[in-house]
Amino acid sequence: MTESAPDTVSVLFTLQAEAAPGMLPRLLQPFAKRDLVPDQVKSRRAGEVLLVELGMDAMPANELHLVEGNLSQVIGVRRLETMRRARLRSAA
């Protein structure tokens, strides 16, 4: 296991969005257009709301605010929270 580069952050985006067809691909698009693949994608439907978690263990720090901004602009997103997570370091 290698340590992530110092210019990366571990982040979890938690969203509430309309439970509409095509919502999940629209939420993944901000990552895809930057050649990023989330390490964690979880979703579940709660009535008319889709609850989604998108996480990356080592997101380039300079991309964080761009992805966050794109996610907040997706039509149907009602709420977005961004949480930086503590990273586990490998033992030397």
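No experiment lies behind these values; they were computed from the predicted model shown. Only this structure's heavy atoms are used, side chains among them; waters, hydrogens and symmetry mates stay out.
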Side chain to side chain, [X] and [Y], heavy atoms closer than 4.5 Å:
X	Y	result
Met23	Val74	yes
Val52	Phe13	no
Glu68	Leu80	yes
Arg79	Leu15	no
Asn62	Asp7	no
Val41	Leu24	no

Nearest 0.5 Å please: distance from the [atom1] atom of [X] over to the [atom2] atom of [Y].
X	Y	atom1	atom2	result
Glu48	Glu18	CD	CD	9.0 Å
Ser10	Met83	OG	CE	9.5 Å
Leu64	Arg84	CG	CZ	5.0 Å
Arg44	Leu51	CZ	CG	5.0 Å
Thr8	Met59	OG1	CE	10.5 Å

Atom of Ala19, atom of Arg45 and distance for their closest heavy-atom approach:
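In this case the closest contact between Ala19 and Arg45 is CB-NE, 3.8 Å.
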Contacts under 3.5 angstrom, residues 26-33 side chains, donor-acceptor by atom type, not counting sequence neighbours:
none

Hey, mind stepping through Val11 and Thr82 against side chain to side chain contact (heavy atoms under 4.5 Å, CB included) and telling me if it holds?
CA-CA 7 Å; Val11 64; Thr82 304; 3.5 Å; yes
Can you find a side-chain donor-acceptor pair between Thr14 and Glu53 that sits under 3.5 Å?
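There is no such pair (donor and acceptor under 3.5 Å, judged by atom type) between the side chains of Thr14 and Glu53.
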Output yes when a side-chain donor or acceptor of Arg34 lies under 3.5 Å from a complementary backbone atom of Leu36, and no otherwise.
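Here the side-chain-to-backbone pair does not exist.
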Kindly work out whether a path of hydrophobic side-chain contacts (I/L/V/M/F/W/Y, heavy atoms less than 4.5 Å apart) joins Leu12 to Leu54.
no
